[in-house]
Colleague: 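Can you read through this structure? Questions will come right after.
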2 protein chains.
Amino acid sequence: MMNYSIILKEHDLKVTPQRLAIADIINVNGHVTIDFLYALMAKKFDSISLATIYKNINLMLKNSFIQEVSLPQVKNVYELTKASHSHLVCSKCLRVEDIDIDLDSSFKTVTKTTEFSIDSASLVFNGLCIDCKDN
Amino acid sequence: MMNYSIILKEHDLKVTPQRLAIADIINVNGHVTIDFLYALMAKKFDSISLATIYKNINLMLKNSFIQEVSLPQVKNVYELTKASHSHLVCSKCLRVEDIDIDLDSSFKTVTKTTEFSIDSASLVFNGLCIDCKDN
DNA sequence: CTGACTGCAAACGTTTTGCACGGTA
DNA sequence: TACCGTGCAAAACGTTTGCAGTCAG
(Lines give C-alpha, C1' and ligand atoms only; values in the text may rest on other atoms or scores of the structure.)
Protein backbone atom coordinates (compact mmCIF):
# COMPACT_ATOMS: atom_id res chain seq x y z
CA MET A 1 0.00 0.00 0.00
CA MET A 2 1.58 3.22 -1.13
CA ASN A 3 1.21 6.70 0.25
CA TYR A 4 0.08 8.50 -2.83
CA SER A 5 -0.29 11.85 -1.08
CA ILE A 6 3.42 12.19 -0.55
CA ILE A 7 4.30 11.10 -4.07
CA LEU A 8 1.76 13.49 -5.54
CA LYS A 9 3.18 16.37 -3.52
CA GLU A 10 6.69 15.43 -4.56
CA HIS A 11 5.56 16.00 -8.12
CA ASP A 12 3.98 19.36 -7.34
CA LEU A 13 0.49 17.96 -7.60
CA LYS A 14 -2.16 19.06 -5.16
CA VAL A 15 -3.82 16.16 -3.42
CA THR A 16 -7.44 15.60 -4.36
CA PRO A 17 -9.66 12.53 -4.05
CA GLN A 18 -9.69 12.19 -7.83
CA ARG A 19 -5.91 12.26 -8.08
CA LEU A 20 -5.50 9.75 -5.27
CA ALA A 21 -7.88 7.45 -7.11
CA ILE A 22 -6.08 7.89 -10.42
CA ALA A 23 -2.74 7.15 -8.78
CA ASP A 24 -4.15 4.06 -7.10
CA ILE A 25 -5.78 2.72 -10.26
CA ILE A 26 -2.62 3.15 -12.31
CA ASN A 27 -0.44 1.65 -9.59
CA VAL A 28 -2.69 -1.35 -9.04
CA ASN A 29 -3.27 -2.08 -12.71
CA GLY A 30 0.18 -1.26 -14.01
CA HIS A 31 -0.93 0.08 -17.37
CA VAL A 32 -4.23 1.79 -18.09
CA THR A 33 -5.93 3.37 -21.07
CA ILE A 34 -8.02 6.51 -20.71
CA ASP A 35 -11.18 4.46 -21.19
CA PHE A 36 -10.24 1.93 -18.55
CA LEU A 37 -9.31 4.64 -16.10
CA TYR A 38 -12.54 6.50 -16.74
CA ALA A 39 -14.62 3.37 -16.23
CA LEU A 40 -12.99 2.66 -12.87
CA MET A 41 -13.19 6.28 -11.78
CA ALA A 42 -16.89 6.32 -12.63
CA LYS A 43 -17.42 3.57 -10.06
CA LYS A 44 -15.82 5.63 -7.32
CA PHE A 45 -17.23 9.03 -8.20
CA ASP A 46 -20.84 9.60 -9.04
CA SER A 47 -20.07 12.45 -11.38
CA ILE A 48 -16.54 12.20 -12.69
CA SER A 49 -15.78 14.05 -15.89
CA LEU A 50 -13.64 12.84 -18.75
CA ALA A 51 -12.24 16.36 -18.85
CA THR A 52 -10.93 15.87 -15.33
CA ILE A 53 -9.28 12.63 -16.37
CA TYR A 54 -7.55 14.27 -19.31
CA LYS A 55 -6.52 17.35 -17.35
CA ASN A 56 -4.99 15.22 -14.62
CA ILE A 57 -3.29 12.80 -16.97
CA ASN A 58 -1.73 15.68 -18.87
CA LEU A 59 -0.58 17.40 -15.72
CA MET A 60 0.77 14.16 -14.27
CA LEU A 61 2.68 13.60 -17.49
CA LYS A 62 4.12 17.09 -17.41
CA ASN A 63 5.23 16.63 -13.81
CA SER A 64 6.67 13.18 -14.54
CA PHE A 65 4.41 11.44 -12.08
CA ILE A 66 3.33 9.10 -14.86
CA GLN A 67 4.60 8.18 -18.31
CA GLU A 68 2.83 7.63 -21.57
CA VAL A 69 3.51 4.38 -23.39
CA SER A 70 2.68 4.58 -27.05
CA LEU A 71 2.08 1.20 -28.62
CA PRO A 72 1.64 0.40 -32.31
CA GLN A 73 -1.97 -0.34 -33.33
CA VAL A 74 -3.47 -0.02 -29.85
CA LYS A 75 -4.41 2.86 -27.59
CA ASN A 76 -1.78 4.58 -25.50
CA VAL A 77 -1.43 3.38 -21.94
CA TYR A 78 -0.16 5.19 -18.85
CA GLU A 79 2.09 3.88 -16.12
CA LEU A 80 3.74 5.30 -13.02
CA THR A 81 7.17 6.70 -13.81
CA LYS A 82 9.88 4.09 -13.38
CA ALA A 83 13.25 3.15 -14.80
CA SER A 84 13.49 2.73 -18.55
CA HIS A 85 12.13 -0.59 -19.73
CA SER A 86 10.46 -2.27 -22.67
CA HIS A 87 6.96 -3.65 -23.15
CA LEU A 88 5.22 -6.81 -24.23
CA VAL A 89 1.77 -6.41 -25.72
CA CYS A 90 -0.62 -9.28 -26.28
CA SER A 91 -2.31 -8.80 -29.65
CA LYS A 92 -5.34 -10.72 -28.43
CA CYS A 93 -6.19 -9.54 -24.92
CA LEU A 94 -4.17 -6.31 -25.19
CA ARG A 95 -2.47 -6.95 -21.88
CA VAL A 96 0.74 -4.98 -21.42
CA GLU A 97 3.70 -6.25 -19.42
CA ASP A 98 7.02 -4.69 -18.53
CA ILE A 99 10.30 -6.34 -19.42
CA ASP A 100 13.91 -5.31 -18.98
CA ILE A 101 15.91 -5.55 -22.17
CA ASP A 102 19.54 -4.58 -22.40
CA LEU A 103 19.83 -2.19 -25.32
CA ASP A 104 23.50 -1.31 -24.92
CA SER A 105 24.62 -3.16 -28.04
CA SER A 106 21.81 -1.54 -30.02
CA PHE A 107 22.91 1.87 -28.79
CA LYS A 108 26.44 1.08 -29.89
CA THR A 109 25.24 0.06 -33.32
CA VAL A 110 23.45 3.37 -33.72
CA THR A 111 26.48 5.32 -32.53
CA LYS A 112 28.78 3.45 -34.90
CA THR A 113 26.64 3.66 -37.99
CA THR A 114 24.97 7.05 -37.68
CA GLU A 115 25.56 10.55 -36.43
CA PHE A 116 22.49 10.53 -34.25
CA SER A 117 22.92 11.34 -30.56
CA ILE A 118 20.39 9.17 -28.79
CA ASP A 119 18.35 10.28 -25.80
CA SER A 120 16.03 7.37 -25.36
CA ALA A 121 14.73 4.22 -26.96
CA SER A 122 11.34 2.56 -27.06
CA LEU A 123 11.06 -1.15 -27.65
CA VAL A 124 7.73 -2.93 -27.90
CA PHE A 125 7.16 -6.62 -28.58
CA ASN A 126 3.90 -7.80 -30.04
CA GLY A 127 2.73 -11.36 -29.63
CA LEU A 128 0.52 -13.60 -27.59
CA CYS A 129 0.59 -13.86 -23.83
CA ILE A 130 0.59 -17.16 -22.00
CA ASP A 131 -3.16 -17.09 -21.54
CA CYS A 132 -3.96 -16.34 -25.15
CA LYS A 133 -1.43 -18.33 -27.13
CA ASP A 134 -3.05 -21.69 -26.43
CA ASN A 135 -6.63 -20.63 -27.08
CA MET B 1 12.72 5.91 -60.97
CA MET B 2 10.27 3.20 -60.05
CA ASN B 3 7.36 1.85 -61.99
CA TYR B 4 4.62 2.41 -59.46
CA SER B 5 1.90 1.05 -61.74
CA ILE B 6 3.27 -2.46 -61.58
CA ILE B 7 3.81 -2.37 -57.84
CA LEU B 8 0.33 -1.01 -57.24
CA LYS B 9 -1.18 -3.78 -59.37
CA GLU B 10 0.88 -6.37 -57.54
CA HIS B 11 -0.89 -5.22 -54.39
CA ASP B 12 -4.35 -5.38 -55.96
CA LEU B 13 -4.61 -1.62 -56.17
CA LYS B 14 -6.16 -0.02 -59.20
CA VAL B 15 -3.88 2.55 -60.78
CA THR B 16 -5.11 6.12 -60.50
CA PRO B 17 -3.25 9.40 -60.80
CA GLN B 18 -3.78 10.00 -57.08
CA ARG B 19 -2.31 6.65 -56.13
CA LEU B 20 0.67 7.08 -58.39
CA ALA B 21 1.33 10.42 -56.74
CA ILE B 22 0.97 9.00 -53.23
CA ALA B 23 3.35 6.16 -54.06
CA ASP B 24 5.86 8.59 -55.50
CA ILE B 25 5.68 10.99 -52.57
CA ILE B 26 6.16 8.22 -50.03
CA ASN B 27 8.98 6.64 -52.03
CA VAL B 28 10.83 9.90 -52.55
CA ASN B 29 10.43 11.15 -48.99
CA GLY B 30 10.85 7.86 -47.19
CA HIS B 31 8.48 8.63 -44.34
CA VAL B 32 5.45 10.87 -44.54
CA THR B 33 2.70 12.01 -42.21
CA ILE B 34 -0.87 12.45 -43.42
CA ASP B 35 -0.46 16.22 -43.26
CA PHE B 36 2.74 16.23 -45.26
CA LEU B 37 1.26 13.92 -47.86
CA TYR B 38 -1.86 16.04 -48.13
CA ALA B 39 0.15 19.22 -48.57
CA LEU B 40 2.18 17.72 -51.40
CA MET B 41 -0.86 16.18 -53.03
CA ALA B 42 -2.60 19.54 -52.94
CA LYS B 43 0.16 20.94 -55.11
CA LYS B 44 -0.40 18.30 -57.77
CA PHE B 45 -4.19 18.15 -57.71
CA ASP B 46 -6.37 21.20 -57.65
CA SER B 47 -9.11 19.52 -55.66
CA ILE B 48 -7.68 16.63 -53.68
CA SER B 49 -9.70 15.50 -50.71
CA LEU B 50 -8.35 14.44 -47.33
CA ALA B 51 -10.90 11.64 -47.50
CA THR B 52 -9.16 10.31 -50.59
CA ILE B 53 -5.83 10.39 -48.79
CA TYR B 54 -7.21 8.46 -45.84
CA LYS B 55 -9.07 5.95 -47.99
CA ASN B 56 -5.98 5.24 -50.02
CA ILE B 57 -3.65 5.06 -47.06
CA ASN B 58 -5.96 2.61 -45.34
CA LEU B 59 -6.33 0.47 -48.44
CA MET B 60 -2.59 0.54 -49.10
CA LEU B 61 -2.01 -0.55 -45.52
CA LYS B 62 -4.50 -3.38 -45.84
CA ASN B 63 -2.85 -4.57 -49.04
CA SER B 64 0.64 -4.24 -47.53
CA PHE B 65 1.78 -1.73 -50.11
CA ILE B 66 2.80 0.57 -47.29
CA GLN B 67 3.39 0.24 -43.55
CA GLU B 68 2.42 2.43 -40.65
CA VAL B 69 5.18 3.46 -38.27
CA SER B 70 3.89 4.54 -34.90
CA LEU B 71 6.31 6.74 -33.03
CA PRO B 72 6.08 7.94 -29.43
CA GLN B 73 5.03 11.58 -29.04
CA VAL B 74 4.85 12.35 -32.76
CA LYS B 75 2.40 11.64 -35.53
CA ASN B 76 2.40 8.31 -37.28
CA VAL B 77 4.36 8.13 -40.50
CA TYR B 78 3.94 5.86 -43.51
CA GLU B 79 6.64 4.13 -45.53
CA LEU B 80 6.74 1.68 -48.43
CA THR B 81 6.72 -1.89 -47.19
CA LYS B 82 10.21 -3.22 -46.66
CA ALA B 83 12.08 -5.67 -44.46
CA SER B 84 11.72 -5.24 -40.73
CA HIS B 85 13.86 -2.46 -39.37
CA SER B 86 14.07 0.13 -36.61
CA HIS B 87 13.76 3.90 -36.66
CA LEU B 88 15.64 6.97 -35.55
CA VAL B 89 13.56 10.05 -34.84
CA CYS B 90 15.01 13.49 -34.39
CA SER B 91 13.21 15.21 -31.52
CA LYS B 92 13.90 18.60 -33.04
CA CYS B 93 13.24 18.41 -36.78
CA LEU B 94 11.15 15.21 -36.54
CA ARG B 95 13.09 13.59 -39.34
CA VAL B 96 12.78 9.80 -39.40
CA GLU B 97 15.53 7.49 -40.58
CA ASP B 98 15.70 3.73 -40.98
CA ILE B 99 18.31 1.63 -39.24
CA ASP B 100 18.95 -2.08 -39.07
CA ILE B 101 19.27 -3.35 -35.54
CA ASP B 102 19.81 -6.99 -34.70
CA LEU B 103 17.18 -7.91 -32.14
CA ASP B 104 17.96 -11.60 -31.87
CA SER B 105 19.41 -11.37 -28.38
CA SER B 106 16.43 -9.32 -27.24
CA PHE B 107 14.09 -11.95 -28.64
CA LYS B 108 16.02 -14.60 -26.77
CA THR B 109 15.73 -12.64 -23.54
CA VAL B 110 11.98 -12.43 -23.93
CA THR B 111 11.71 -16.13 -24.73
CA LYS B 112 13.84 -17.05 -21.73
CA THR B 113 12.17 -14.84 -19.18
CA THR B 114 8.52 -14.86 -20.23
CA GLU B 115 5.91 -17.08 -21.76
CA PHE B 116 5.10 -14.63 -24.51
CA SER B 117 5.29 -15.86 -28.09
CA ILE B 118 6.55 -12.91 -30.07
CA ASP B 119 5.35 -11.98 -33.52
CA SER B 120 7.10 -8.69 -34.05
CA ALA B 121 9.06 -5.94 -32.39
CA SER B 122 9.16 -2.20 -32.78
CA LEU B 123 12.24 -0.28 -31.79
CA VAL B 124 12.44 3.50 -31.99
CA PHE B 125 15.36 5.70 -30.96
CA ASN B 126 14.77 9.31 -30.04
CA GLY B 127 17.53 11.84 -30.18
CA LEU B 128 19.05 14.55 -32.30
CA CYS B 129 20.09 14.14 -35.91
CA ILE B 130 23.41 15.35 -37.23
CA ASP B 131 21.91 18.61 -38.45
CA CYS B 132 20.15 19.44 -35.20
CA LYS B 133 22.56 18.31 -32.52
CA ASP B 134 25.03 21.13 -33.09
CA ASN B 135 22.50 23.94 -33.30
C1' DC C 1 -20.19 -1.65 -68.98
C1' DT C 2 -19.50 -2.39 -64.17
C1' DG C 3 -17.40 -1.87 -60.17
C1' DA C 4 -14.07 0.90 -57.98
C1' DC C 5 -12.25 5.67 -57.01
C1' DT C 6 -12.84 10.56 -56.10
C1' DG C 7 -14.48 14.66 -53.81
C1' DC C 8 -17.66 16.87 -50.96
C1' DA C 9 -20.20 17.21 -46.82
C1' DA C 10 -21.74 15.31 -42.79
C1' DA C 11 -20.90 12.30 -38.95
C1' DC C 12 -18.08 10.36 -35.53
C1' DG C 13 -14.81 9.60 -31.61
C1' DT C 14 -11.36 11.63 -28.98
C1' DT C 15 -9.23 15.39 -26.71
C1' DT C 16 -9.20 20.25 -25.33
C1' DT C 17 -11.11 24.53 -23.71
C1' DG C 18 -14.01 28.07 -21.08
C1' DC C 19 -16.55 28.98 -17.36
C1' DA C 20 -18.95 28.75 -12.88
C1' DC C 21 -18.70 26.36 -8.70
C1' DG C 22 -16.41 23.98 -4.93
C1' DG C 23 -12.35 22.36 -2.41
C1' DT C 24 -7.32 22.43 -0.98
C1' DA C 25 -3.64 24.49 1.43
C1' DT D 1 -8.99 33.66 1.46
C1' DA D 2 -6.80 32.87 -2.87
C1' DC D 3 -5.86 29.81 -5.99
C1' DC D 4 -6.34 25.45 -8.06
C1' DG D 5 -9.30 21.49 -9.32
C1' DT D 6 -13.71 19.79 -10.82
C1' DG D 7 -17.67 19.11 -13.80
C1' DC D 8 -20.43 20.48 -17.46
C1' DA D 9 -21.05 21.98 -22.05
C1' DA D 10 -19.21 23.45 -26.16
C1' DA D 11 -15.50 23.55 -29.28
C1' DA D 12 -11.69 21.70 -31.74
C1' DC D 13 -9.32 18.13 -33.97
C1' DG D 14 -8.41 14.00 -36.67
C1' DT D 15 -10.53 10.37 -39.05
C1' DT D 16 -14.41 7.90 -41.18
C1' DT D 17 -18.66 7.43 -43.73
C1' DG D 18 -22.41 8.12 -47.33
C1' DC D 19 -23.45 9.60 -51.54
C1' DA D 20 -23.39 11.28 -56.36
C1' DG D 21 -20.56 11.74 -60.18
C1' DT D 22 -16.41 9.92 -62.72
C1' DC D 23 -12.90 6.81 -64.19
C1' DA D 24 -10.14 2.47 -64.75
C1' DG D 25 -10.14 -2.06 -66.52
Side-chain angles (χ1 to χ4, degrees), chain A residues 3-26 32-63 65-66 68-78 94, chain B residues 3-26 32-63 65-66 68-78 94:
Chain A
N3 188 327
Y4 301 114
S5 293
I6 293 176
I7 312 180
L8 285 171
K9 283 175 192 160
E10 283 173 355
H11 290 85
D12 296 312
L13 295 163
K14 248 183 199 177
V15 177
T16 68
Q18 289 87 344
R19 287 180 184 171
L20 288 170
I22 291 174
D24 184 55
I25 290 171
I26 297 180
V32 304
T33 60
I34 295 290
D35 288 349
F36 181 86
L37 179 57
Y38 180 56
L40 263 61
M41 290 292 284
K43 291 185 183 172
K44 297 191 183 181
F45 300 86
D46 45 340
S47 61
I48 180 74
S49 167
L50 249 182
T52 301
I53 305 281
Y54 279 109
K55 284 171 187 168
N56 279 318
I57 288 293
N58 287 332
L59 190 60
M60 287 171 168
L61 283 172
K62 190 160 74 94
N63 293 11
F65 177 67
I66 62 174
E68 187 176 64
V69 184
S70 84
L71 308 166
Q73 321 303 341
V74 301
K75 288 178 190 160
N76 286 354
V77 296
Y78 301 89
L94 304 186
Chain B
N3 188 328
Y4 302 114
S5 293
I6 292 176
I7 313 180
L8 286 171
K9 284 175 192 158
E10 283 173 354
H11 290 85
D12 295 312
L13 295 163
K14 246 181 200 179
V15 177
T16 69
Q18 288 86 346
R19 288 182 183 170
L20 287 170
I22 292 174
D24 184 54
I25 290 170
I26 297 180
V32 304
T33 61
I34 294 291
D35 288 349
F36 181 85
L37 180 55
Y38 180 55
L40 263 60
M41 290 292 285
K43 290 186 185 171
K44 296 192 183 181
F45 299 87
D46 45 339
S47 61
I48 182 76
S49 168
L50 249 183
T52 300
I53 304 281
Y54 279 109
K55 284 171 187 169
N56 279 319
I57 288 293
N58 286 332
L59 190 59
M60 288 172 168
L61 282 172
K62 190 160 73 97
N63 294 9
F65 177 67
I66 61 175
E68 187 175 62
V69 185
S70 86
L71 308 166
Q73 321 301 343
V74 302
K75 289 178 190 160
N76 285 354
V77 296
Y78 300 89
L94 303 186

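Residue numbering restarts at 1 for every chain, and letters A, B, ... go by the order of the sequence lines. Keep in mind that the numbers below use all heavy atoms, side chains included, and drop hydrogens, waters and symmetry copies.
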Colleague: Using atom CG of Asn63(B) as one end and atom C1' of dA4(C) as the other, report the distance to the nearest whole Å.
Modeller: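 Interatomic distance, CG of Asn63(B) to C1' of dA4(C): 13 Å.
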Colleague: Could you work out, with salt bridge (charged side-chain N to carboxylate O under 4.0 Å, His left out) as the rule, every residue matching Lys44(B), not counting sequence neighbours?
Modeller: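 Here the qualifying residues are Asp24(B).
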Colleague: Is there any salt bridge (charged side-chain N to carboxylate O under 4.0 Å, His left out) pair reaching into residues 11-22 of chain B, and which pairs are they, with sequence neighbours excluded?
Modeller: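 Pairs touching residues 11-22 of chain B that pass the test: none.
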Colleague: Could you check how far CG of Leu37(A) sits from C1' of dT14(C), rounded to whole Å?
Modeller: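 Taking atom C1' of dT14(C) as the reference, CG of Leu37(A) is at 15 Å.
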Colleague: Let me know the distance between CG of Leu8(B) and C1' of dA4(C), rounded to the nearest Å.
Modeller: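 After rounding, the reported distance stands at 14 Å.
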Colleague: List for me each residue that meets side chain to side chain donor-acceptor pair (under 3.5 Å) alongside Asn76(A), sequence neighbours excluded, and say none if there are none.
Modeller: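 Testing Asn76(A) for side chain to side chain donor-acceptor pair (under 3.5 Å), a comparison that skips the adjacent residues, returns Glu68(A).
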Colleague: Please list, chain by chain and in numerical order, all residues satisfying ring pair (Phe, Tyr, Trp, His ring centres under 6.0 Å) with Tyr78(B), sequence neighbours excluded.
Modeller: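 So Tyr78(B) forms no ring pair (Phe, Tyr, Trp, His ring centres under 6.0 Å) with any residue.
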Colleague: Please enumerate all residues that pass salt bridge (charged side-chain N to carboxylate O under 4.0 Å, His left out) together with Lys75(B), with sequence neighbours excluded.
Modeller: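 Only Asp35(B) meet the salt bridge (charged side-chain N to carboxylate O under 4.0 Å, His left out) criterion with Lys75(B).
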Colleague: Can you measure Asp46(A) atom CG to dT6(D) atom P for me and round it to whole angstrom units?
Modeller: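 Taking atom P of dT6(D) as the reference, CG of Asp46(A) is at 14 Å.
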Colleague: Let me know the distance between CG of Leu13(B) and C1' of dC5(C), rounded to the nearest Å.
Modeller: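 From Leu13(B) CG to dC5(C) C1': 12 Å.
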Colleague: Once you round it to whole Å, what is the distance between P of dT14(C) and CG of Asn58(A)?
Modeller: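 Atom CG in Asn58(A) sits about 16 Å away from atom P in dT14(C).
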Colleague: Among the nucleotides dC5(C), dT14(C), dC4(D), which one has an atom lying closest to any side-chain atom of Lys75(A)?
Modeller: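 Minimum distance to the Lys75(A) side chain belongs to dT14(C).
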Colleague: How does protein reach along nucleotides 6-13 of chain C, written 5' to 3' as B (base within reach of a heavy atom under 4.0 Å), S (only sugar-phosphate), or - (no contact)?
Modeller: BBBB----
Colleague: So which atom in Ala23(B) and which in Tyr4(B) form the shortest heavy-atom distance, rounded to 0.1 Å?
Modeller: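 The pair with the smallest heavy-atom distance is CB-CD2, 3.7 Å.
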Colleague: Would you kindly compare Asp12(B) and Val15(A) by the position of their nearest DNA chain C nucleotide and give the one closer to the 5′ end?
Modeller: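 With Asp12(B) and Val15(A) compared, the 5'-side residue is Asp12(B).
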Colleague: CD1 of Ile53(A) versus C1' of dT16(C): gap in Å, rounded?
Modeller: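 One finds 15 Å between C1' of dT16(C) and CD1 of Ile53(A), rounded.
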Colleague: Without decimals, in angstroms, what is the distance between Lys9(B) NZ and dC5(C) C1'?
Modeller: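 It works out to 16 Å between those atoms.
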